[in-house]
Each structure stands twice: as C-alpha cells, then as structure tokens.
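As structure tokens, the structure follows; a few thoughts come after it.
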There are 2 protein chains.
Amino acid sequence: MISKKTKYALKALSYLAEHYNGDLVLISELATAEDIPKKFLEAILVALRKGGVLKSKIGKGGGYMLASPPATITIGKVVSILEGGFALVECLNDNVKVVCEECGDPTCCGIRLVMSDVKIAIDSVLATTTLADMLEKSDMARQQKSRIMDYSI
Amino acid sequence: MISKKTKYALKALSYLAEHYNGDLVLISELATAEDIPKKFLEAILVALRKGGVLKSKIGKGGGYMLASPPATITIGKVVSILEGGFALVECLNDNVKVVCEECGDPTCCGIRLVMSDVKIAIDSVLATTTLADMLEKSDMARQQKSRIMDYSI
DNA sequence: CATAACCCTATAGATTTTATAGATGTAATT
DNA sequence: AATTACATCTATAAAATCTATAGGGTTATG
C-alpha cells in the first residue's frame, strides 16, 4: 500500500504537470489547490527535488516546477523516491542490503522468490507509466463520463 | 509491503504444505518449527481458517491442516485474507466501500487508474501462484545452489 | 480432566502524519 | 547599502495510527 505521502506527491506532481509552462508554483498554491497540509507537502517536495524530479527556486518569485517534461517522469520513480521502492518484501527493495530475518537463506526463500516475480510485474507497469500517462488516463475517464452523461440526458 | 503477519502465514502454510498427509499439526509445533511467536501465530491461523484455507480440530489429538491440496491454494488468497487485498491504494482493495479522501472523483482519479493497472499486474502473478509453486521454486533454487557448490569443488 | 484450539483485550513499539519555530536565501524597495 | 517582504529549507516534536506481541480465560474433544 502506498502512503499518504506518495499520494500527495502524485497529486502535487499532477498539478505541476498541468501547469508545466516554465512558471514556478508556490508551495502554498499547491497545498491549497490539492488540499495537502502545507508543511507535510514541503517535506515531500524537498524529497522529490533531491530525487531529481523537481526544480526549486528560493526567495521572492521562487517556487517549484518539474525538472523535466511530464512524459519523462515515471510513477515508478516517484514511488521509489518516497517509499524507497515498491517491493512487497523489504529485502527486494532498492538499496537494501539486509536480509529479512524470516528467510534463512534469501536465495531459496520461497516468499522472496514469489515476491520477486510480483515486483517484476509491478515494475513493468510503474516504470512505463509517466505523469503524462496518468493525466491522460484521468482525462479520458472524465471525457468518457461526460459522454455517458450526455447520452443519458 | 506485506506485513510480518503475512510472512508468518506463508511460512506456516509452507510447513503445512510439506506435511500435507492427512495428519494434524499442533500450533506449538508450527511455532517452533518456523520460529513464530505462538500467540501471534494463533491469530493468523484462525484468520486462515475463517478464510477457508485451513481446517482445524479442537481438543486432544487436534491441530491444523490445509483445507485443500497445496496446488489449490494461491498466494493471492493468503495475502488477501491477511492484508485484505494487495492493492496499492485502499479504494481498490476487496470489500472496501469507502473512497480515498484524496481522489475527489474515484472514477477519474489518475492515481487510482494507474494503481488499478498495477493491481491487475500483481493479481496476475499472485492469483496464478500456489503454495505448491512456491515450494517448488524454493526447491529448485536450493538444487541450483547445491549444483553450483558441487561444480566449485 | 487433560488437551488444544478459540476468543477477547491490552500494550509497547514503530511508523506515519501533522504541526511548530525558526533559519536561510532571494529579490524588490527605500 | 539597508531594509523588508517573500519563499524555500531544516529540525524537532506532538499526535494519530498501525504492527507485533502477550495475557488470560473459554470451549470443544478424546
């Protein structure tokens, strides 16, 4: 399960993607627009900046913007930055050296082997889905919906 | 990320699968064999029984056994029982009526749409992988390993 | 009556989420 | 150049929630 943190991140990034035109967006604007506690959002944005997804500018006239176009930022990257990966067991996550205490021998732990397959499946989706794709999906669904509404009138 | 509860469940079920011969296994035996806190295991086994994966018998000569052969029990079923599903967002999990407060309109929430794709990917693995498969994977890995060991001598 | 699963409750610890207070850096204004 | 307003950054801590575990009594069965 992804945390609220990651959901907030994706919402904030959606907003920034929709407003991707060279302008900087204020944290407070993002916070009110997407209804996210401001200070929490601040921490999230810093993480995303350090992860290379966002650019920021301090001081008057400052703010945040995407570091690259929406179509180049994958959901996987975002989840990875905020959750440290999306594996279903810890020992399969990025940069994790330790072995789960449960699997005596990680190379033949059945759970690990199964969850590795799962991780590959998750990865194949998240690594190929970008912010742009997410917005498009959302738009399509909205259009679909309004079309159904029209017919039903 | 799956919880320790689910890992313990899978370990306990592995043990029961390896000893699937009509005999009943004691909680205490399971607990020592797989190194799981007995009381915690107790709760897990009850959940698995209620989920239809295990059969139990109370009283002297009682214990637990799989309700059906290892090849008929999917990992997805187990995860579903203990975690209430394996979706990455709550609103996609089994039996969840409520909508995530974050996505105003769930039908066009981008996050939800993406995570729905992810869920399908996870599902395709977990719904087709059984306890028997998990044990087989583990055995194969062990064999593979001992073969490499042999060569290296 | 001894055994062994069942059931309910409590709690310490960890994690997540939110809030508070100020530090630091930038740009416009005086 | 000094001041001021702005806006991100940093650190901490409180609150809320979730996880893992333990305790103790209940019920069914041989």
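Remember, predicted model here, so these are calculated numbers, not experimental data. In what follows, chains are A, B, ... by sequence order, proteins preceding strands, each numbered from 1.
- Side-chain N/O atoms of K50(B) include one lying less than 4.0 angstrom from OP1 or OP2 on dC7(C).
- Across the protein-nucleic acid pair, K11(B) atom NZ and dA20(D) atom P stand 14 Å apart, rounded to whole Å.
- Closest to the side chain of S56(A), from the set dT10(D), dT18(C), dT8(D), is dT8(D).
- In terms of position on DNA chain C, the residue among G61(A) and V25(B) whose nearest nucleotide sits closer to the 5' end is V25(B).
- Within 4.0 Å (heavy atoms only), L45(A) reaches no atom of the nucleic acid at all.
- Geometric assessment of K119(B) against the ring of F86(B) yields a positive cation-pi assignment under the 6.0 Å and 45° thresholds.
- Taking the side chain of K57(B) as heavy atoms from C-beta on, and the options dT18(C), dA20(D), dG30(D), the nearest nucleotide is dG30(D).
- Between M65(A) atom CE and dA7(D) atom C1' there is a gap of 17 Å when expressed in whole angstrom units.
- L54(A) has its CG atom 13 Å from the C1' atom of dT8(D), to the nearest Å.
- Side-chain atoms of R142(B) and S138(B) include a donor-acceptor pair closer than 3.5 Å.
- Listed nucleotides dT26(C), dT20(C), dC7(C) differ in distance to K60(A); the shortest reach to its side chain belongs to dT26(C).
- For the OP1/OP2 pair of dT15(C) and a distance below 4.0 Å, the side-chain nitrogens and oxygens of S3(A) include no atom meeting the criterion.
- Across all strands, L26(A) comes closer than 4.0 Å only to sugar-phosphate atoms, never to a base (heavy-atom distances).
- Look at NZ on K7(B): it is 13 Å from C1' on dA20(D), rounded to the nearest Å.
- Atom pair I44(A):CD1 and dA19(C):C1' shows a separation of 14 Å (rounding to whole Å applied).
- Within the structure, every side-chain polar atom (N or O) of Y8(A) is placed at least 4.0 Å from both OP1 and OP2 of dT17(C).
- A straight line from NZ of K38(B) to C1' of dT21(D) spans 14 Å, rounded to a whole angstrom.
- Spacing between atom CD1 of I58(A) and atom P of dA7(D) amounts to 13 Å, rounded to whole angstrom units.
- K4(A) has a side-chain polar atom (N or O) that falls below the 4.0 Å cut-off from OP1 or OP2 of dT18(C).
- Sparse packing is recorded around CG of D35(B), with 12 or fewer heavy atoms of other residues, nucleotides or ligands lying under 6.0 Å away.
- Residue order along DNA chain D, read from the 5' end via each residue's closest nucleotide, puts G62(A) first among A43(A) and G62(A).
- Looking at which nucleotide of DNA chain C each of E42(B) and T6(A) is closest to, the 5′-most match is held by E42(B).
- The side-chain hydrogen bond (donor to acceptor under 3.5 Å, both in side chains) pairs that include a residue from residues 10-19 of chain A are Y15(A)-E29(A), where partners are two or more places apart or lie in different chains.
- Straight-line distance from the CZ atom of F40(B) to the P atom of dA12(C): 17 Å, rounded to whole Å.
- Here the OG1 atom belonging to T128(A) is positioned 10.0 Å from the CD1 atom belonging to I75(A), to the nearest 0.5 angstrom.
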